[in-house]
Protein chains: 4
Amino acid sequence: MQQRSWGCQDETVRFVWRIVHGVTPPPDPHRRNEQSRQAIVQAAVELCGEVGFDKTTVEAIAARAGVGKQTIYRWWPSKAAVLLEFMKDLRSSRADFPDTGDLRTDLRTQNAALVNLFGSRGGVVWRGLIAAAQSDPVAAAGVREVIDEAVADCSARLAKAVNAGQLRADVDLELVVELVYGPLYHAYLLRPDRIAGWRPEEALDALFSGLQPR
Amino acid sequence: MQQRSWGCQDETVRFVWRIVHGVTPPPDPHRRNEQSRQAIVQAAVELCGEVGFDKTTVEAIAARAGVGKQTIYRWWPSKAAVLLEFMKDLRSSRADFPDTGDLRTDLRTQNAALVNLFGSRGGVVWRGLIAAAQSDPVAAAGVREVIDEAVADCSARLAKAVNAGQLRADVDLELVVELVYGPLYHAYLLRPDRIAGWRPEEALDALFSGLQPR
Amino acid sequence: MQQRSWGCQDETVRFVWRIVHGVTPPPDPHRRNEQSRQAIVQAAVELCGEVGFDKTTVEAIAARAGVGKQTIYRWWPSKAAVLLEFMKDLRSSRADFPDTGDLRTDLRTQNAALVNLFGSRGGVVWRGLIAAAQSDPVAAAGVREVIDEAVADCSARLAKAVNAGQLRADVDLELVVELVYGPLYHAYLLRPDRIAGWRPEEALDALFSGLQPR
Amino acid sequence: MQQRSWGCQDETVRFVWRIVHGVTPPPDPHRRNEQSRQAIVQAAVELCGEVGFDKTTVEAIAARAGVGKQTIYRWWPSKAAVLLEFMKDLRSSRADFPDTGDLRTDLRTQNAALVNLFGSRGGVVWRGLIAAAQSDPVAAAGVREVIDEAVADCSARLAKAVNAGQLRADVDLELVVELVYGPLYHAYLLRPDRIAGWRPEEALDALFSGLQPR
DNA sequence: TACTAAGCGAGACGGTACGTCGTGTCTTATG
DNA sequence: CATAAGACACGACGTACCGTCTCGCTTAGTA
């Protein structure tokens, strides 16, 4: 099971928590009802797909999952945290960053996968989480974590490409990641109807060849 | 005063509205209290800066502006609409897209201005509006309008650059715009702490030279 | 309409309130929706009769009255306050303390009326309010007010009887009131099944003749 | 140990229970942890004294007694039952109804003892139980039991007084009990500030002499 | 002396109601 | 007739307890 920053598993950690914060430690994950956990996450995702992130209320999640509201609040600080758990599961269930040896191919594959995600139910969730992250620190931290992992994965692939002589060595890799994903996110968040017709290879071609006239 | 798609000015339009919807037409803009209008927009922006977009409630705006809630709802469908008015005013108050003759310089200037905006009070508003746009159609339409104008402005500048031989002619200009602004928005919305150290020229250099090793 | 200690009517009072408490004054009773007020009180009383005082929740009152919970909380601090309003209305709608000239007759009449009340829907409400008064200061104050009025009414009648030579002059009238009503309340609250067969004349006879053997 | 109607001791009864109800028999009192029992009752009483009957929650009792909630629910159906146990213990720890030979003296003594109780921590508990009894059948039964015992004790004393020619023989003794205790309970429950200055002899004098002018 | 069944502490669980906040609409009185 | 003020019906919030349940653990009484 993945790590979570709230609701910690380790006994020692819980004890320290008790000392440091002087108050009630988070609940004991050993006693957690796994069935409820899954029902909650699933209900949240379904509702998100049906009525959208904003209208997905904690109350509705609890009702659909057949769960008390408190059970949600016991383990997650907000609905955003619930849905982040879904996004993290989603990410970890996906294959690692592809590595066929050819960078352009791999980036195209990965970009296409993202376009795919954006168009799926996960895309609705992710869109909502990014929106929430603009004001809710918990959501922000979670989104950032997901993004940072993705950036790290991509950076690692880019580093290999630099060694293989397939990529300029004099550009900050984090910036390259942003050059690669930025346009896609720009469309996703600001001009969503452009996602449907998105052609990864077109953007990557321009990006690799550069915008200067030859 | 700028056009607005809700609260229409034209007498004929109002009459048609009356017929189609059967009842109350939108209010008569001639009788509108300009002082209230300004107070509302200003209050909204200030609150946004002080407590953030999310906690900026219509009630708080009304209270701070010394205005009845109804006066807000009479002229705007939501707080997002109020703040969109601010963003539009902001945009129109700025100079047009710069044109010194050198595309790279102009893009850098423009990008820097955007970085600047992102760091200002307007950046808080804009961030909130983009978030709202992910679920609220009104906000989405408004944001889209602002973005489309900006894209159009930039595209126009790019077209001139193509003619001047400063830009590849075989790439879709809208995509170029996304290549130019995407990385910046990616940082703004997903990794906000990167904005502070953003160096437009670095991104533009990579973009123009391309990522292929030389 | 009767005075209420919360939700005051007088403009001056409201102003002073604002000064003294430094905060939001109670709402303006001029704008109060009389229909809602009545619906709320009626719903509360009906629910009390149907499910008992304890299970009469503010939420259920609001639902049955077709009213928002806030509308209840705006005007009353608790359900007890709502039901106290009913009890006060009930009391003021009743005739004054009877005065036929004969004290024993009047006390019997009045006692019988109370037995009657105890057996009616009002008896359920009153029982609940007395129970609530044992821990809730608001209820306590309200119940006390009702009781004090009743005691005062009875005392006044007793005073007349003293003058008419129908009652010992050397006993504290408040104590006499308690001697008259105490047994009845003792039965009502502690041995409720005794109320059904209560015979006011029996108690009054013993009380007036005294317990000493002749 | 005193009898309790729930949590039965007899093996046969437990067996029948098992048959009739199909399942779990009530727990075996032989294995009961006496320490826990006492801790629970004590915690309940202390909390009652500190925060009042209403705010004395089962959770708080369990926490203060260092006991699991289930241990409370295993042996008592509600907090009222716990506190009734305290009241019953209290009653049985007191001496029997006094009998000096002079009824008036004994009643005064007993009344004074009650005034005393009302002013003590037990008075808070008792008040809460009487309140609870107005809606909770378990509390009602328990309170009634306590009251009935007290009434029986007093009645017995009164019967002796009748034989001794100290009391009218033609009045129902239960009514006499109510005449004696009613005024005191009236004050206790409806006008509590009158308890502090309560003078048993005054009430008893009026009661015995009668209210008729001489 | 081990086995087993029960009571125990702890506390997670599905619920219900709480009292508060904000929404968008409606009403009242003022200019 | 637009306005400031604010009451209204509604819906969701996050919290407190309810009474039930499930966990390991201790602790008897039985094998």
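All chains are named by letter (A, B, ...) in the order of the sequence lines, taking the proteins before the strands, and each is independently numbered beginning at 1.
- Distance, Q70(A) CD to dG11(E) C1': 12 Å, rounded to whole Å.
- Atoms CG (D136(C)) and P (dG19(E)) sit 10 Å apart, rounded to a whole Å.
- As a whole-Å value, the separation of Q35(D) CD from dA28(F) C1' is 16 Å.
- For S36(C), the listed nucleotide lying nearest its side chain is dA9(F); candidates were dA9(F), dA7(F), dC13(E).
- The shortest side-chain heavy-atom distance between Q134(D) and Q134(C) does not fall under the 4.5 Å cut-off.
- Between the OH atom of Y73(C) and the P atom of dC10(F) there is a distance of 17 Å, given to the nearest Å.
- Annotation: Q35(C), atom CD; neighbour count of heavy atoms from other residues, nucleotides and ligands within 6.0 Å does not exceed 12.
- Contact of the Y73(D) side chain with the V58(D) side chain is registered, since non-hydrogen atoms from C-beta on lie closer than 4.5 Å.
- Looking at which nucleotide of DNA chain F each of K55(D) and N33(C) is closest to, the 5′-most match is held by N33(C).
- A donor N or O paired with an acceptor N or O is not found under 3.5 Å between the base of dG14(E) and the side-chain atoms of K69(A).
- Whole-Å rounding puts the I61(D) CD1 to dA10(E) P distance at 16 Å.
- Across all their heavy atoms, A80(A) and D136(A) have their closest contact at CB-OD2, 4.0 Å.
- Separating the CZ atom of R64(A) from the P atom of dG14(E) is a distance of 17 Å, rounded to the nearest angstrom.
- The base of dA10(E) lies close enough to the side chain of R31(A) for a donor and an acceptor atom to sit less than 3.5 Å apart.
- Look at T71(B) and you'll find a side-chain N or O under 4.0 angstrom from OP1 or OP2 of dA4(F).
- Nucleotide dA4(F) holds its C1' atom 10 Å from the CZ atom of R74(B), rounded to whole Å.
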